[in-house]
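One structure is given here, and the rest of the page talks about it.
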Amino acid sequence: MELLSGAEMVIRALRDEGVQHIYGYPGGALLHVYDAIFQQDEVQHVLVRHEQAATHMADAYARATGKAGVALVTSGPGATNAVTGIATAYMDSIPMVVITGQVMSFLIGEDAFQETDMIGISRPVVKHSFSVQRPEDIPSIIKKAFHIAQTGRPGPVVVDIPKDMTTPTERYEYEYPKSVKMRSYNPVSRGHSGQIKKAVDLLLGAKRPVIYSGGGIIMGDAHVELAELARSLNVPVTNTLMGLGGFPGTDRQFVGMLGMHGSYEANMVMHHADVVLAIGARFDDRVTNGVDKFCPTAKIIHVDIDPASISKTITADIPIVGPARDIIKEMIQLVKGAKTGPDAEAAKQWWQQIDEWRARHGGRFDINDEGLMKPQQVIEMLSKVTNGDAYVCSDVGQHQMFAAQYYKFNQPKRWINSGGLGTMGFGLPAAMGVKMNFPDAHVACVTGEGSIQMNIQELSTCQQYDIPVKIICLNNQSLGMVRQWQDMNYESRHSQSYMKSLPDFVKLAESYGHVGMKVDKYADLEGAMTEAFAMTDRLVFMDIAVDPFEHVYPMQVPRGAMRDMWLSKTERT
Amino acid sequence: MRHILSVLLENEPGALSRVVGLFSQRNFNIETLTVAATDDGTLSRMTVTTLGSDKVVEQITKQLNKLIDVIKVVDLTEGEHIERELMLIKLKANSSAARDEIKRTADIFRGQVIDATPNTFTVQLAGSSDKLDAFINALSGASLLEVVRSGVSGIARGEKVLSL
């Protein structure tokens, strides 16, 4: 058997796990590991400019591929800088392995230089964490970390490695485990057949059914099955923010996103439904609005891999725990074998009603021919120029909601955003993580002038590694979502939501060796965007001036029912 | 309602902090908590008493089960069970009247005086939490110097066993 140092074992284990890229930043506690990285060429290290970006890159890789991404950061500030990225992945159930350096084991607890209790600090935002106590445990711990991160409800796992576990002169027998067995961790592998049968019976008898699906369809690779089930039952489908792309965005049966900024028709469908089939979604507060008024006439079927998600906020009438794909497959078989299919007359009336709702709002927004572009127009143009086929990596704010509403995602894993934690600064590193792994795909970072400045230093990383993402910056010179809430709830007192002293983004991009473009007229938008995407080997920063007074609509009235929405600045349901 | 949860978990560094952290993170209440290794040194057994509605306790149970170090969780209050708590209580006992009163009360509650000085008695008492409360109330005339309670340990009645 081969003898390797702890540092070499870390890198070799990652190689054996099939990892091609790790995103990281060196430091004292990791010097042995970085020396091991230098002496091999199978695992490529990507040097970011801030550890938060390393975690977002690893996270976005996972969102686009379904496999755990890997970040490597040093102890102390390196580790704490990674916490936001870990929490981002945790909230969206994204598989990720974060390896953190730690001070020598005999210094732990002494407030040593760059010491921080990373296991403690990250505990509330990890699926699990390991602290390496013996170098020879490194291979099995890394194996377990990937296993835990990628199975069941996925999530981030931290592996904290004291520097003396990686000493180059101390060598141990290396063997990467082929499988993992843990008596305390056995995720549910299939749904309860009796419950599935009950659910299908309920769906077949429904008059106003709806499927509400979330990120579980994306991470559970169940989009094909979902589409088949939806067609066989002829039911409308709505997606959560995390679930977009889980059902084709241009499909007749798709009624759009639901929730706080969901479509009028999606929220109306939910409110009036008699059966809600929720799959891989968690009834979070941005979806349900007031829980006491949520779907007053509906029976709820809830399918989720995580039993703790079921009946956490909304009590399920039929809970089903297990992997979405297998459960949906079983449902399809039962629908096919049923003596009587769905009620055709009821379906006709339900769809008639839905089409009326569609006609009432249908995602319209006012265009001002004289004034500035509307942000919605920019997203529609992005959808057009990229044929609805790009990876859209979003930051957080109004632009995120516009992208979710107006980009039509026909495929899963193309919409990459921080849905749960709402992390500004996520977009650019996310786009980088995707582009590095899909170099031939169109990858757009939809952002605002606020969010982009939270990780703008990564323009330097893009230069170093030639990562030609396209930055679509909807510049409204204000923190739009904050401003919107201030307009609606604080009599337009714009406390700290106004961005003064913005840089010249064109010059800034150019100073990093990229291409900058400024667009302030809609007439120029299509040409400029087409040109930007045609420059396949260049990063293009499009600084696009948009209407600073625009609001995101629909917007649910706080603590109301699903159907209680503002549809414009003056119109309420 | 009060619930007693029995938790079997890996006897690993950090396992306890994950459980305790979960309670504070998710805004669950802990009334008492006891933990120690079992006959199998790789396993710890923990008893947590908590107050909450059935819905909250169901969430607590599910969230505990989600922790990787947790192997099994049982709500003892769902079935017949036995609970015991140990109390050590130090009282002022500097007159013969006080000493007699403490001894008599301790006898009624089946407690024992396990340490004495010319001025103090230390009484050991085991039982349900209610019994310990009752003992303290019964001694309201005496002056309490110090009360140490272990928190509840619980086990199911009959042949039901919580093990691997």
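This structure is a prediction, so every number in the text was calculated from the model and none was measured. First the proteins, then the strands, lettered A, B, ... as listed; each starts at 1.
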Measure Lys72(B) against the heavy atoms of chain A and call it side chain, backbone, both or neither at under 4.5 Å.
neither

So which residue, Val70(B), Leu164(B), Ile71(B), Leu8(B), ends up with the most heavy-atom pairs under 4.5 Å with chain A?
Ile71(B)

Donor-acceptor check, side chain of Asp69(B) to backbone of Glu10(B), threshold 3.5 angstrom: yes or no?
no

Apply salt bridge (charged side-chain N to carboxylate O under 4.0 Å, His left out) to the pair Lys92(B) and Glu146(B), showing each step before the final yes or no.
CA-CA 10 Å; Lys92(B) 198 179 257 184; Glu146(B) 197 176 350; over 6 Å; no

Note: Arg134(A)-Asp137(A) ion pair, threshold 4.0 Å (strictly below)
yes

Contacting moiety of Asp306(A), where chain B heavy atoms sit under 4.5 Å
side chain

Identify which part of Leu22(B) has an atom lying under 4.5 Å from any heavy atom of chain A, answering side chain, backbone, both or neither.
backbone

Tell me, yes or no, whether the heavy-atom count around Asn27(B) atom CG, taken from other residues, nucleotides or ligands under 6.0 Å, exceeds 12.
no

Is a side-chain donor or acceptor of Lys144(A) paired with a backbone partner of Val180(A) at a separation under 3.5 angstrom?
no

Under 4.5 Å to a heavy atom of chain B? For Ile310(A) that would be both

Is Ser129(A) close to chain B through its backbone or its side chain, or both, or neither, when contacts mean heavy atoms under 4.5 Å?
both

